[in-house]
Structure formats: C-alpha cells, structure tokens
J.: 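I'd like to ask some things about the structure below.
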Amino acid sequence: QVQLVESGGALVPPGGSLRLSCTASGLTGEDVAVGWFRQAPGKEREGVSCIDRDIGASKVADSVKDRFSISEDRAKNTWILEMTSLKPEDTGTYYCATTWNGGLWYYCLSEDYDHWGQGTQVTVSS
C-alpha cells in the first residue's frame with residue numbers, strides 16, 4: 001500500500017521561498033511517476049511539476065517555470081518541490097501523488113495519478 005506524506009507548507013510573504021517534501025512508503029516496483037499538484041479555493045486541482053522516478057525526466061508548469069523545481073532523493077524515497085519568488089497566486093494546498101505509469105510525468109494531469117498524500121498548505125501573503 002502506497003502512502004505519501006507531504007511537509008513544508010507555511011505562510012510566507014511574496015517573494016519568499018519554500019521547500020516542500022513528499023516521502024513515500026510502499027512505493028516498490030518500476031515505472032512510477034511522481035507529481036506535485038495544487039488546489040486553490042474555488043479552483044480545480046492543477047499539475048505543478050511531475051517526474052519519472054526511474055529516468056528522471058520532469059516538467060514544470062508554465063505558471064511556475066523558472067521559479068519552481070522538482071528533485072528526488074531515491075535513497076530516501078523523497079521528492080522535493082523547491083519554490084522561489086512566491087506569489088499570492090501560488091497560495092493553495094499542495095499535494096504529492098504517484099501513478100504506476102512513469103510516462104505520465106509528461107502530461108502531469110491529476111486524473112492520471114492514483115495515490116495521494118493529505119496535502120500541505122502554502123499561503124503567500126504579506
């Protein structure tokens with residue numbers, strides 16, 4: 001059974017930075033994609049960044065390009081979302097998710113992901 005635990009969310013001022021972590025357990029086997037998604041109140045969940053766990057290919061949404069990046073520590077089964085130059089519109093609940101199809105990193109669509117963490121709140125406000 002796959003379990004995901006996110007951490008690192010906080011209240012930060014505009015222009016600030018945060019580092020979110022997602023630690024997985026039960027994520028054995030091959031062909032896995034890991035994604036970070038976010039949902040703001042009243043809005044649909046959107047893909048922020050996704051990565052193929054086995055080949056390391058990744059993408060970042062245009063809305064956060066040049067500000068956010070995804071990385072992984074395979075030894076610790078942990079995926080990191082580094083967020084810089086945060087804006088108020090980055091506010092939302094950030095979720096980590098996985099799917100048993102590594103190639104789905106390319107599309108980074110929430111409906112393709114099977115296992116989800118509980119989310120961590122990011123609030124960007126002065």
Side-chain angles (χ1 to χ4, degrees):
Q1 183 178 356
V2 177
Q3 292 187 324
L4 305 169
V5 179
E6 303 99 331
S7 62
L11 168 64
V12 295
S17 300
L18 278 178
R19 187 174 190 262
L20 305 184
S21 296
C22 170
T23 300
S25 60
L27 197 62
T28 58
E30 299 178 346
D31 201 19
V32 173
V34 179
W36 282 99
F37 301 84
R38 67 184 182 186
Q39 189 165 21
K43 295 188 177 181
E44 293 187 355
R45 191 170 296 185
E46 65 170 334
V48 176
S49 185
C50 293
I51 186 169
D52 183 312
R53 186 196 65 175
D54 300 310
I55 67 174
S58 65
K59 74 178 295 181
V60 178
D62 289 341
S63 59
V64 300
K65 196 174 182 180
D66 298 328
R67 300 189 297 121
F68 291 13
S69 63
I70 189 171
S71 62
E72 60 181 358
D73 183 337
R74 288 288 305 275
K76 297 181 179 180
N77 264 346
T78 296
W79 287 264
I80 303 297
L81 183 69
E82 296 278 3
M83 306 189 295
T84 63
S85 301
L86 284 161
K87 303 175 181 180
E89 51 263 43
D90 294 319
T91 294
T93 303
Y94 283 68
Y95 298 91
C96 174
T98 64
T99 180
W100 297 112
N101 185 336
L104 290 175
W105 69 270
Y106 183 81
Y107 302 102
C108 206
L109 299 174
S110 60
E111 56 262 38
D112 291 332
Y113 287 70
D114 310 304
H115 301 95
W116 292 80
Q118 82 289 349
T120 186
Q121 179 67 34
V122 172
T123 303
V124 185
S125 175
S126 55

J.: Test of understanding: with side chain to side chain donor-acceptor pair (under 3.5 Å), list the residues that count as partners of R45, not counting sequence neighbours.
T.: Q39

J.: Report the residues that fulfil side chain to side chain donor-acceptor pair (under 3.5 Å) with E82, sequence neighbours left out, ordered by chain and then residue number.
T.: R19

J.: Rounded to the nearest 0.5 Å, how far apart are CZ of R67 and OG of S17?
T.: 10.0 Å

J.: Test of understanding: with side chain to side chain donor-acceptor pair (under 3.5 Å), list the residues that count as partners of Y95, not counting sequence neighbours.
T.: none

J.: Could you grab the distance from atom CZ of R53 to atom CD of E30, nearest 0.5 Å is fine?
T.: 7.5 Å

J.: Between the side chain of E6 and the main-chain N/O of C22, is any donor-acceptor distance below 3.5 Å?
T.: no

J.: To the nearest 0.5 angstrom, please state how far the OH atom of Y113 sits from the SG atom of C108.
T.: 5.0 Å

J.: Give the minimum heavy-atom separation between E46 and S63, together with the two atoms involved.
T.: OE1-OG, 4.2 Å

J.: Among Ile, Leu, Val, Met, Phe, Trp and Tyr joined by side-chain contacts under 4.5 Å, find the other residues sharing a cluster with V60 and list them by chain and number.
T.: V2, L4, V12, L18, L20, L27, V32, V34, W36, V48, I51, V64, F68, I70, W79, L81, M83, L86, Y94, W100, V122, V124

J.: How far apart are the closest heavy atoms of A61 and G47, and which atoms are they?
T.: CB-O, 3.4 Å

J.: With salt bridge (Lys or Arg N to Asp or Glu O under 4.0 Å) as the rule and sequence neighbours excluded, what pairs involving residues 101-126 come up?
T.: none

J.: Quick one: do S25 and N77 satisfy side chain to side chain contact (heavy atoms under 4.5 Å, CB included)? Show the steps, please.
T.: CA-CA 7 Å; S25 60; N77 264 346; over 6 Å; no

J.: Rounded to the nearest 0.5 Å, how far apart are NZ of K43 and CZ of R38?
T.: 8.5 Å

J.: Spell out, as yes or no, whether a donor-acceptor pair under 3.5 Å connects the side chain of T98 to the backbone of A33.
T.: no

J.: According to side chain to side chain donor-acceptor pair (under 3.5 Å), who are the partners of T120, at least two apart in sequence or on a separate chain?
T.: none

J.: CZ/F37 to OG1/T93 distance, rounded to the nearest 0.5 angstrom?
T.: 14.5 Å

J.: Taking all non-hydrogen atoms of both residues into account, name the closest pair between S49 and K59 and its distance.
T.: OG-O, 2.8 Å

J.: Any chance you could measure D52, atom CG, to D31, atom CG, to the nearest 0.5 Å?
T.: 7.0 Å

J.: Can you see whether T123 engages T91 through a side-chain donor-acceptor pair at a distance of less than 3.5 angstrom?
T.: no

J.: Which heavy atom of G35 sits nearest a heavy atom of C50, and at what distance?
T.: CA-SG, 3.6 Å

